[in-house]
Amino acid sequence: LVDVDNMDQYDDLEDDEKDALDNILSDPKKFKLFTTSKSLIEIANEAQEVKRLYDIANQLYNQNQEEKKSSQQMHKVKTIIIDTGKIRQTKAFARQDGAILGAVWIVSFVCTMLAVDPQYRMLGFISNILIIATPFVVAKRLKAFRDYARDGHISFRHAFYYCIQTFFNATILLTLVQYLWFRFMDTGLFLNQLQTNYQIVAQAYQLTAEESKALLDAVCMMKPIAWASMFMITDLVAGAVLSPIIAAVMAKKDKQQHTK
């Protein structure tokens with residue numbers, strides 16, 4: 001394809017391109033294949049018309065591309081807005097359900113602390129039951145969130161995010177209560193029971209008397225914030241382990257969207 005608008009462009013052509021163009025222009029039959037014009041004026045007018053049509057087509061093409069880009073940008077904005085709304089909704093439900101889980105953990109903790117007293121030994125069993133019930137409580141609340149707020153379906157990613165938020169909120173609430181308990185409540189029986197347990201551990205690992213005494217002294221010297229932090233780390237690790245399992249079990253895809 002040779003595009004020549006003036007003599008300067010004609011001079012820039014290769015020799016074989018010039019020969020081919022001259023051959024077409026010199027042969028009326030061949031030239032008739034490219035135009036229906038009968039004079040140079042008609043050819044010039046036809047060229048201007050073709051150029052005008054080309055400019056219109058090019059403008060329409062560019063306009064269509066801009067509309068596509070605008071549509072894609074609007075789709076991205078809508079997606080971001082929807083995702084942001086889902087995240088806020090998930091956080092709101094996780095705060096509420098985190099408070100419920102935190103209440104379960106607080107009751108379990110109080111039962112554990114009171115169970116060191118022989119007359120309340122039965123509370124230790126209740127504490128263990130509540131701890132075992134933790135994943136079932138979270139799964140039950142996640143199911144309620146899925147069915148009520150998400151129309152019966154939720155992705156693994158959002159379910160996992162919900163579980164992490166729920167465990168985190170519950171941990172914060174429990175840590176605060178544990179700090180207040182160790183700060184203001186009598187923990188003498190708890191520490192005595194703990195010392196007895198550590199003595200058994202020291203005997204099992206064949207620690208010397210000095211090593212056992214140093215271990216017990218370190219435990220007794222722990223401040224309330226240290227006790228609360230220790231339990232908090234344990235709770236966070238438990239949440240990190242349980243969250244993907246619960247999310248995988250409770251995740252449910254949208255059948256209509258999946259079919260489409």
Which pairs pass salt bridge (Lys or Arg N to Asp or Glu O under 4.0 Å) with one or both residues in [range], sequence neighbours excluded?
range	value
residues 89-101	D97-R141
residues 111-128	none
residues 104-115	none

Report whether [X] and [Y] are members of the same hydrophobic cluster (ILVMFWY, side-chain heavy atoms less than 4.5 Å apart, transitive linking).
X	Y	result
M185	M230	yes
L123	V177	yes
V107	I100	no
I164	I172	no
I246	Y148	yes

Should [X] and [Y] count as side-chain neighbours, where that means a heavy-atom distance under 4.5 Å?
X	Y	value
W227	Q178	no
F231	F182	yes
L236	F167	no
M250	R146	yes
L101	V138	yes
F109	M113	yes
C163	L242	no
I154	L142	yes

*With side chain to side chain donor-acceptor pair (under 3.5 Å) as the test, would you mind laying out the steps for R150 and T90 before giving the verdict?*
CA-CA 10 Å; R150 294 297 181 84; T90 302; 3.0 Å; yes
To the nearest 0.5 Å, how far apart are [atom1] in [X] and [atom2] in [Y]?
X	Y	atom1	atom2	result
S229	K223	OG	NZ	12.0 Å
Q89	H158	CD	NE2	9.5 Å
D147	H153	CG	NE2	10.5 Å

For the residue pair [X] and [Y], what are the closest heavy atoms and their distance?
X	Y	answer
I131	S108	CG1-OG, 3.3 Å
A103	L173	N-CD2, 4.4 Å
W181	V110	CZ3-CG2, 4.2 Å
S127	C111	CB-CB, 3.8 Å

_Donor-acceptor check, side chain of N128 to backbone of G124, threshold 3.5 angstrom: yes or no?_
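Side chain of N128 to backbone of G124, a donor-acceptor pair under 3.5 Å: yes, one is there.
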*Residues clustering with I132 (ILVMFWY side chains joined when closer than 4.5 Å, directly or via others)*: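 The other cluster members (ILVMFWY side chains, heavy atoms under 4.5 Å, direct or chained): none.
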*Could you identify which residues cluster with F125, counting Ile, Leu, Val, Met, Phe, Trp and Tyr as linked when any side-chain heavy atoms lie under 4.5 Å apart, either directly or through a chain of such contacts?*
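Members besides F125, by chain and number: M122, I129.
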*Assess the side chains of W105 and T134: does a donor N or O sit below 3.5 Å from an acceptor N or O?*
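Side-chain D/A pair, W105 to T134: present.
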*Is the ring centre of Y162 less than 6.0 Å from the ring centre of F145?*
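Between Y162 and F145, the centre distance is under 6.0 Å.
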*Applying side-chain contact (heavy atoms from CB on, under 4.5 Å), name anything that partners V249, two or more places apart in sequence or on another chain.*
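Per chain and number, V249 pairs via side-chain contact (heavy atoms from CB on, under 4.5 Å) with no residue.
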